[in-house]
Protein chains: 2
Amino acid sequence: MALWNTVPYSLRQLQYLVAVADLGGFRRAAAACGVAQPSMSAQIAQVEQAIAVQVFERGARGVRVTAAGAAVIDRARAVLLAARDFSDIARQHSDPLSGTVRIGVIPTVCPYLLPEVASALKAQLPNLHVVWSEDKTRALVDQVDAAALDGAILALDPRVEHLEHAAIGDDPFVLAAARDHPLAKRTGPASAEVLQGETVFLLEDGHCFRDQALALCGATGAKEAELKATGLATLVQMVGGGSGVTLLPRLAVAVENRRGQLAVRPFKSPAPRRSLVLAWRRGSAMKRPLDAVARVIRNQMPASAARPHRASKRR
Amino acid sequence: MALWNTVPYSLRQLQYLVAVADLGGFRRAAAACGVAQPSMSAQIAQVEQAIAVQVFERGARGVRVTAAGAAVIDRARAVLLAARDFSDIARQHSDPLSGTVRIGVIPTVCPYLLPEVASALKAQLPNLHVVWSEDKTRALVDQVDAAALDGAILALDPRVEHLEHAAIGDDPFVLAAARDHPLAKRTGPASAEVLQGETVFLLEDGHCFRDQALALCGATGAKEAELKATGLATLVQMVGGGSGVTLLPRLAVAVENRRGQLAVRPFKSPAPRRSLVLAWRRGSAMKRPLDAVARVIRNQMPASAARPHRASKRR
DNA sequence: TCGAAGTGATAGTCTGAGGCTATGGCTCTC
DNA sequence: GAGAGCCATAGCCTCAGACTATCACTTCGA
């Protein structure tokens, strides 16, 4: 009963099973797999016979997956996922820094980091093709878990703990207010206590930066403004009105305050900050290229914001 | 980049890779896979080319796995394991109670439970072929984790916690002593305190029954005998000499004390006991047949020893 | 030192798995 | 009731992967 005994089906047949299930029909699946519909029919019929399970109910309007079929297709997916891991690890070992990696980035990092980093990556890892996408932490973590993404750039957070990660750098928070706001009168580092009693504008739910800023507000006795912003740019607009202050990640200041409409003050050391990491599914075959990407980004972080608070964390 | 895109290798090629790695040579692997050696050579060469990784170093005395090859073969194993799961789940859904399950049993249960249970299983699950093996808890758990076994009959224990399991029944401990031993003077249930100051013979290290009995000794102030037995039969022999007492699982009494050489007394309720379970790898495709096997065994347990202490536990 | 026994690689042939096109039968929809 | 869409069937063709026979090489042991 060794692992290398023959099985009565092929990887390709499993791919066909999943394709038909995903696309809901033989013709569509055939087209997606680049074969003719009769070939698809024949292969599906064959695998159904081989495993003695009717996976699909054929109807005039396409196919339905049977109850037994759903379980079978679940396992077929697992096999194909393992096969993809095999391909990945093989590519890593033929040339670890080539191929494609899919990396997601949270919205409060993406527009500020990517422009800088993209060209550096192209220069230092010329054979590595990085596909970027932007989403909030929850969605990114889910996609990494499901292997829809190879990695994600996130702020360190309980939701990230089950993933492996490499440090990218720390990003301190800064205090931003309209130029005529009382808190803008003084320059130089602010102590966190100046927030006491202030009205602070924050991002809407779902942004991890909101949670981090909210924690700081709670600790200092600031109160949250009624209005919630959908992005940092909106936040800057709101505060520009003069009726409150906000917190910004240092990384975003150069872009969001490019016209200098706000006064920006750092916090006294140790400044509140978020730790940015590149995280991936534990045991992912893409560990090596992701590690390399993290190294490039780390060296590319704006010098003032870079340098993790302590030694670079790794798991 | 969907899951159903074609891959440049076949399941069979992965089987060949693993076979060559396991058996250390092309000819042996070819024989094990039932093909001619040139076919094996050709397929290995092809997959090595497809993934652009040299997996094996060919030498005059067989092959060695390269560093990159080891990682690749690791993933190939994962794919084949997933494929086996696929086969399993398919068989479950074509006929859940047919096929083969491999079940390990601990030594302090195996010889007493199996004779009774084997015929009941044959009668109630005629299409299910059960392959039994005997080993200690640690080894069994490792084999279940590695999918070398589908399930194992064990006493509930921290080492079993990460597995799913179905209850089989509780097995109370009994006190056994030579017929002329002071503790054999009285009949009827003994309180655990009678062990105070007694010399108790126990099994050697590695038996979970040793740990359970030792815990009871510690709680009651009994002391362990110098000599450690390799099995319950030896334990009975030792105690027969009259210089000490021992604990036996109720399950073993009928067999080990069949000649009545020892006086056997139950403990007062609630008697110390072990909970026997059939455990399997979480998410195993063999859940359904294993569950059925557990049910058969549960109904077959000697009536006096059966009946779990509380409701049957399941996860 | 040389042959025997082991290793994997190569050459040439053959068969069948799985691709294709063309077409049929069925069931919804208009 | 015609048409559009679905999957199944029939018949053909090609190439992946099996086979046998043999070679080249290394490592023993007489």
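Just so it is clear: chains get the letters A, B, ... in the order the sequence lines come, proteins before strands, and each one is counted from 1.
Closest to the side chain of Ala36(B), from the set dG18(C), dT20(D), dT9(D), is dT20(D). Closest approach to the Pro38(A) side chain among dT21(C), dA18(D), dG18(C) is made by dT21(C) (side chain taken as heavy atoms from C-beta onward). Distances from the side chain of Gln13(A) to the nucleotides dG18(C), dT21(C), dA8(D) place dG18(C) closest.
Under the 3.5 Å distance criterion, with hydrogens and angles disregarded, a donor-acceptor pair is assigned to the side chains of Gln43(A) and Gln13(A). With no hydrogens or angles considered, a side-chain donor-acceptor pair links Tyr9(A) and Ser87(B) at under 3.5 Å.
Going from atom CE of Met286(B) over to atom CZ of Arg84(B) covers 9.5 Å, rounded to the nearest 0.5 Å.
Heavy atoms of Phe56(B) sit nowhere under 4.0 angstrom from any nucleic acid atom.
Arg12(A) has no side-chain polar atom (N or O) that falls below the 4.0 Å cut-off from OP1 or OP2 of dA17(C). Not one side-chain nitrogen or oxygen of Arg58(A) sits closer than 4.0 Å to the OP1 or OP2 atom of dC7(D). For dA8(D), one of the phosphate oxygens OP1 or OP2 lies less than 4.0 angstrom from a side-chain nitrogen or oxygen of Ser41(A). Between Gln46(B) and the phosphate of dG17(D), there is a side-chain N or O to OP1/OP2 separation shorter than 4.0 Å. At the phosphate of dG19(C), OP1 or OP2 sits under 4.0 Å from a side-chain N or O atom of Gln43(A). Taking 4.0 angstrom as the limit, Tyr9(B) places none of its side-chain polar atoms (N or O) nearer than this to OP1 or OP2 of dG17(D).
Side-chain contact between Ile44(A) and Arg58(A): present, with at least one pair of heavy atoms (C-beta onward) separated by less than 4.5 Å.
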Short N/O separations, protein against nucleotides 11-13 of chain D, under 3.5 angstrom:
none

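The terminal axes of the helix from dT1(C)-dA30(D) to dC30(C)-dG1(D), fitted over 5 pairs per end, subtend an angle of 20° to the nearest 10°.
Here Asp85(B) pairs with Arg281(B) in a salt bridge; the nearest charged N to carboxylate O distance falls below 4.0 Å.
Judged by distance alone, with hydrogens and angles left aside, the side-chain atoms of Ser94(B) form no donor-acceptor pair with the main-chain N or O of Val53(A) at under 3.5 Å.
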